[in-house]
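Down below is the structure, laid out as structure tokens.
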Amino acid sequence: FGFKGCQKIRGAQIRGLLEAKDFFLFDCDGVIWHGENAITGAAKVVNALIRRGKNVVFVTNNSTRPRENYVNKFTRLGFTDVMLDQIFSSSYCSALYLRDVVKVRGQVFVIGCEGLRMELLEAGIPCVEETDDPDATIYNCALAPDVKAVLVGHDDKLTFLKLAKASCYLRDPECLFLATDNDPWHPLSGGRILPGSGSLTAALEVASGRKATVIGKPSCFMFECISSQFRGVDPAQCLMVGDRLETDMLFGSNCGLDTMLTLTGVSQIEEAQEYRNSDLTTNRSYVPDYVVDTIADFLPAFED
Ligand code: PLP
Ligand code: CA
């Protein structure tokens, strides 16, 4: 008798789980690295899984870099076996969504970093040029006539003018409203935080009276992208490893994957237990199946 989930596992249980699964999905920040620092032992774990013939992919809501940059970052941090086709970022998946799902005709107005635009351009999706005219205001600027989607991602150069333009484009009910992710905030070192793109999307949702379609975790679209590139992936064979209950664990639950929380990132085990003990059945989707302190806890399982 008791509650299912939140099982802290070690030793032989980890070994058993790693043997049972053949497809591993790793969130990046908080699981694999903290910003520019790899989590101790993470590179060894990832390299060992790949060498054992396991499928390993990375699912990150960080939309600020194109996939090529992630390959470089993995290599730089000692993850020597990671290749482009293993990386599923919210910017890459947004480009696939615009190109293959909605088959957008016309331009996309992007709130986001240069890396997001680069990913869209690589997929052949035209973006509205950014003007850097310092005198431009919403009263005097030009609006593009053929904007068919507004895409909101993390933007460290957000301006009121960008929000105002996006609000105007969203008046057109035929203009889609997409968000790379809905993350509320991200931890920085020293107790500081960074507002996430969810906070920017929220501003536009209020201004437009509309709801954005979210591409990144916890939406299943990222898993659809993975399934279409790794044909025959069986959700029952997958383990989703992440550090945030509201994105990673919910994503795993939404896609029918077993989930594992690592305690190297945002969420604490107490929060998972609160969701588990709550009377609201919808809260169960946030509860990880398994919990480890760090993915370095996998290492003994690779010793013969
Ligand atoms: N978006 C931005 C801008 C970030 O800085 C981060 C984490 O640092 C994320 C998203 C979350 O990334 P992940 O899904 O890999 O945890
Ligand atoms: Ca994370």
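These numbers come from the heavy atoms of this one structure, side chains and all, not from hydrogens, waters or symmetry mates. In this chain, numbering begins with 1 at the start of the sequence shown. Both counts, for ligands and for their atoms, begin at 1 and track the order of listing.
Side chains of R67 and E122 form no contact here, defined as non-hydrogen atoms less than 4.5 Å apart.
A side-chain contact (heavy atoms from CB on, under 4.5 Å) with V108 holds for exactly one of L116, L151, L176; it is L151. When each of T247, D248, D183, T180 is paired with N61, the side chain to side chain donor-acceptor pair (under 3.5 Å) condition holds for D183 and for no other.
At a heavy-atom cutoff of 4.0 Å, ligand 1 is contacted by the side chain of D183 but not by its backbone. Contacts of R244 with ligand 1, taken as heavy-atom pairs under 4.0 Å, are absent altogether.
Residue Y169 shares its hydrophobic cluster (ILVMFWY side chains chained together at separations under 4.5 Å) with F109, I111, V128, L143, V147, V150, V152, L158, L163, L170, F177, L200, L204.
The shortest N/O to N/O separation between T64 and ligand 1 does not fall below 3.5 Å. Looking at ligand 1, you'll find an N or O of H186 within less than 3.5 Å of one of its N or O atoms. Remark: ligand 1 and S63 share no N or O pair separated by less than 3.5 Å (distance only, no angle test). Any N or O atom pair closer than 3.5 Å counts here, and D181 shares no such pair with ligand 1. Not a single N or O atom of D243, backbone or side chain, sits closer than 3.5 Å to an N or O atom of ligand 1. By the 3.5 Å distance cut-off applied to N or O atoms, H154 is not counted among the residues near ligand 1.
Counting atoms of ligand 1 from 1 in the listed order, those under 4.0 Å from a heavy atom of C28 are 15 (O). With ligand atoms numbered from 1 in the order given, ligand 1 contributes 14 (O) to contacts under 4.0 Å with heavy atoms of K217.
With rounding to the nearest 0.5 Å, the separation of CG in L188 from CD1 in I193 is 8.0 Å. The NE2 atom of H186 sits 7.0 Å away from the CG atom of N62 when rounded to the nearest 0.5 Å. Going from atom CG of N55 over to atom SG of C238 covers 8.5 Å, rounded to the nearest 0.5 Å.
Taking atom 15 (O) of ligand 1 as the reference point, the nearest protein heavy-atom neighbour is T60 OG1, 2.7 Å. Closest protein heavy atom to atom 5 (O) of ligand 1: N62 ND2, 3.5 Å. The protein atom (non-hydrogen) at minimum distance from atom 16 (O) of ligand 1 is D27 OD1, 2.9 Å.
The pair K217-D27 counts as a salt bridge, with a side-chain nitrogen and a carboxylate oxygen less than 4.0 angstrom apart. Taking 4.0 Å as the cut-off between side-chain N and carboxylate O, K21 and D258 count as a salt-bridged pair.
Ring orientation note: the planes of F74 and W33 are tilted relative to one another, at an angle of 30° to 60°. Between F251 and F223, the angle of the ring planes goes over 60°, which puts this pair in the perpendicular group of the 30/60° scheme.
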Taking it one step at a time, do F221 and Y97 satisfy ring pair (Phe, Tyr, Trp, His ring centres under 6.0 Å)? CA-CA 8 Å; F221 182 66; Y97 188 83; 5.1 Å; yes
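With a cut-off of 3.0 Å, the protein N/O/S atoms near the Ca ion (ligand 2) add up to 4.
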